[in-house]
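Single-structure report; data block below.
FYI, side chains are in, hydrogens and waters are out, and symmetry mates aren't considered; it's all heavy atoms of this structure.
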Amino acid sequence: MQNKSSIAKSIEKHNFKIKKYYGQNFLTDHFITSKIAEISFANKDTTVLEIGPGTGALTEELLKVSKRVIAYEIDKEVVPILKENTKEYDNLEVIVEDILKADLSKINNLDENIICIANLPYYITSPIIDLFLKKMTNVKKAIFMMQKEVGDRISANINTKDYNSFSILVQYFARCKKILNVPRTCFTPEPNVDSVVIELEKYKRDFKPKNEEFFIKVVESSFKERRKMLVNNLSNAFKLSKDTLRNILNELEINEDARGETLSIDDYIRLSDKLEELK
C-alpha cells in the first residue's frame with residue numbers, strides 16, 4: 001500500500017525526476033485507489049487496461065481484483081518504481097509507449113471483458129476520452145479520474161453552464177456518471193485543482209444521425225461562440241441565411257432564439273439531419 005511517504009522514498013531511491021510535461025501527479029490515497037478498484041467491478045475474468053500507472057498505487061489495487069492489468073506508461077524512467085511496487089504480482093504487463101500512438105489491435109483483438117482505467121493529466125484528457133469512445137472498439141467501459149472542471153463538463157445536464165459540445169459528444173457515445181470527488185491533497189506533487197472520477201459506459205443508441213461526422217460538426221459549430229444564439233453560430237458555420245435557419249428551428253419545434261446549451265442530443269440529431277438535406 002503506497003502513501004506520500006513511501007512514494008517519496010521510492011522517488012528518492014531511484015533518483016526519479018517528476019515531469020510536469022507529462023502531468024505527473026501520483027495518487028497517494030489508499031481509500032481512493034481501493035474505491036476505484038471496487039467501483040470498476042473488475043474480477044478474475046476482467047482485463048484492466050490502465051493508462052499512465054505511474055508509481056503503481058492504483059495498479060496494485062487493480063492487480064488484486066482483476067485477471068490481469070495491461071499498463072501503458074509513456075515515461076520509461078518511472079517503470080522501475082512501478083515494477084518494484086508491484087513485484088509480488090505476476091499479472092501485470094507493462095508497455096512503455098504513448099497510448100495515443102499505440103497499435104490498439106492488441107487490445108481490440110482480445111476476446112475478454114476489458115475495462116479502461118486511468119488518472120488523466122489535463123493536457124491529454126480529451127484525446128484519451130476520444131480514443132476510448134472511437135478507437136477502443138473492444139472496451140465498453142472506462143473509469144477516468146480527471147480535473148474536476150472537465151468532469152463537470154462531461155457529465156453536465158442540458159441548460160446548465162457546464163453543458164457544451166464536449167458534454168454532448170461524450171454523452172452521445174456513452175452513459176456518463178460522476179462517481180467520486182478527489183481532493184488535490186490525495187496527490188503528490190499536489191496539483192492546483194481538485195479531481196473527479198467519472199464512469200463512461202458505451203451503449204447502442206437507437207436514434208442516430210444520418211451522418212455522424214456532420215452531426216459532430218453541427219454540435220461543435222453551435223457552441224463556437226457560446227453567447228451567440230444558435231441561428232448566428234450556424235449561419236456563420238454553414239453559410240445559410242438566418243431566415244432559413246429560423247424556419248428549420250420552427251419546423252423542429254425549437255425556439256428560434258435558442259442557444260446551444262438549450263438543445264438535447266436528440267434535438268441536435270434532428271437538426272443535423274435537416275441541415276444535411278440542404279447540402
Side-chain angles (χ1 to χ4, degrees), residues 1-4 6-7 10 22-74 78 81-82 85-86 88-89 91-95 99 107 112-122 124-126 128-129 131-133 136 139-155 170 174-191 193-202:
M1 183 177 71
Q2 296 183 49
N3 54 39
K4 286 192 177 183
S6 65
I7 291 175
S10 293
Y22 283 150
Q24 288 177 332
N25 299 99
F26 301 127
L27 192 56
T28 61
D29 190 296
H30 181 251
F31 171 79
I32 300 296
T33 57
S34 58
K35 188 66 178 177
I36 292 173
E38 177 189 332
I39 62 178
S40 73
F41 291 105
N43 56 44
K44 293 305 178 182
D45 293 322
T46 305
T47 290
V48 174
L49 167 62
E50 187 183 11
I51 302 171
T55 63
L58 177 56
T59 314
E60 187 176 357
E61 298 303 317
L62 298 173
L63 289 167
K64 292 176 184 177
V65 298
S66 64
K67 176 182 176 181
R68 63 171 167 160
V69 175
I70 301 174
Y72 279 81
E73 175 55 60
I74 193 172
V78 80
I81 300 175
L82 169 65
N85 289 335
T86 56
E88 64 181 277
Y89 303 94
N91 55 336
L92 172 63
E93 178 183 354
V94 180
I95 300 174
I99 187 70
I107 302 298
E112 51 193 272
N113 181 33
I114 308 171
I115 299 173
C116 182
I117 298 178
N119 174 20
L120 299 177
Y122 177 75
I124 58 165
T125 298
S126 295
I128 293 290
I129 291 175
L131 189 74
F132 160 69
L133 293 174
M136 294 182 184
V139 186
K140 304 306 178 189
K141 186 169 84 169
I143 296 175
F144 291 139
M145 187 185 309
M146 64 191 72
Q147 184 174 330
K148 187 176 183 299
E149 179 187 339
V150 181
D152 288 343
R153 287 204 300 268
I154 288 174
S155 57
V170 172
R175 293 186 180 91
C176 180
K177 183 164 64 173
K178 191 184 294 186
I179 301 292
L180 189 67
N181 289 319
V182 183
R184 64 194 75 183
T185 52
C186 294
F187 299 88
T188 187
E190 191 173 302
V193 294
D194 295 328
S195 296
V196 65
V197 177
I198 299 286
E199 178 185 271
L200 297 177
E201 189 164 8
K202 294 178 188 174

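K64 meets the side chain to side chain donor-acceptor pair (under 3.5 Å) test with E61; sequence neighbours excluded. Looking at residues two or more places apart in sequence or on another chain, you find a side chain to side chain donor-acceptor pair (under 3.5 Å) between N3 and S6. Take R184 and apply the salt bridge (Lys or Arg N to Asp or Glu O under 4.0 Å) test, not counting sequence neighbours, and it matches D194. Listed by chain and residue number, nothing satisfies the side chain to side chain donor-acceptor pair (under 3.5 Å) test with E199 (two or more places apart in sequence, or in another chain). For the side chain to side chain contact (heavy atoms under 4.5 Å, CB included) test, residues two or more places apart in sequence or in another chain that qualify with D45 are N43. Every residue two or more places apart in sequence or in another chain that forms a salt bridge (Lys or Arg N to Asp or Glu O under 4.0 Å) with E38 is listed here: K35. Partners of E50 under the salt bridge (Lys or Arg N to Asp or Glu O under 4.0 Å) rule, at least two apart in sequence or in another chain, do not exist in this structure. When the side chain to side chain contact (heavy atoms under 4.5 Å, CB included) test is applied to L131, the partners found at least two apart in sequence or on another chain are I99, L100, L104, K135, M136. Every residue two or more places apart in sequence or in another chain was checked for a salt bridge (Lys or Arg N to Asp or Glu O under 4.0 Å) with E88, and none qualifies. Under the rule for a side chain to side chain donor-acceptor pair (under 3.5 Å), the partners of T55 that lie at least two apart in sequence or sit in another chain are Q2.
Annotation for L82 and P53: closest pair CD2-CG, 3.6 Å, computed over non-hydrogen atoms. K44 and K67 make their closest contact through O-CB, 3.2 Å (heavy atoms, listed as atom of the first residue, atom of the second, distance). Across G151 and V196, no two heavy atoms sit closer than the pair CA-CG1, 3.7 Å. I154 and C176 make their closest contact through CG2-SG, 3.4 Å (heavy atoms, listed as atom of the first residue, atom of the second, distance). Closest non-hydrogen pair, I74 versus Y22, comes out as CD1-CE2, 3.7 Å.
Note that OG1 of T188 and CG of D29 are 12.5 Å apart. Values are rounded to the nearest 0.5 Å. The CG atom of L120 sits 11.5 Å away from atom CZ of F132, with the distance rounded to the nearest 0.5 Å. The distance from the CG atom of L92 to the CG atom of N85 is 11.0 Å, given to the nearest 0.5 Å. Summarising the geometry, atom CD1 belonging to I128 is positioned 11.5 Å from atom CG belonging to L133; distances are rounded to the nearest 0.5 Å. To the nearest 0.5 Å, atoms CD1 (I51) and CD1 (I124) are separated by 7.5 Å. For the atom pair CD1 of I36 and CG of N119, the computed distance is 7.5 Å after rounding to the nearest 0.5 Å.
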N/O donor to acceptor pairs below 3.5 angstrom from side-chain atoms of residues 140-149, sequence neighbours left out:
residue : atom : partner : partner atom : Å
K140    : NZ   : T137    : O            : 3.0
K141    : NZ   : S40     : O            : 3.0
Q147    : NE2  : E149    : OE1          : 3.4
K148    : NZ   : D152    : OD2          : 3.0
E149    : OE2  : R153    : NH1          : 3.1

field: Trace of the side chain to side chain contact (heavy atoms under 4.5 Å, CB included) decision for I115 with V139
entry: CA-CA 6 Å; I115 299 173; V139 186; 5.8 Å; no
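Between I117 and L49, every side-chain heavy-atom pair lies at or beyond the 4.5 Å cut-off. For the pair I107/I70, a side-chain contact is recorded, criterion being any heavy-atom separation below 4.5 Å from C-beta on. Put simply, the side chain of V69 does not reach to within 4.5 Å of the side chain of Y89, judged on heavy atoms.
The side-chain contact (heavy atoms from CB on, under 4.5 Å) test with C186 is passed by exactly one of L27, T33, N25: L27.
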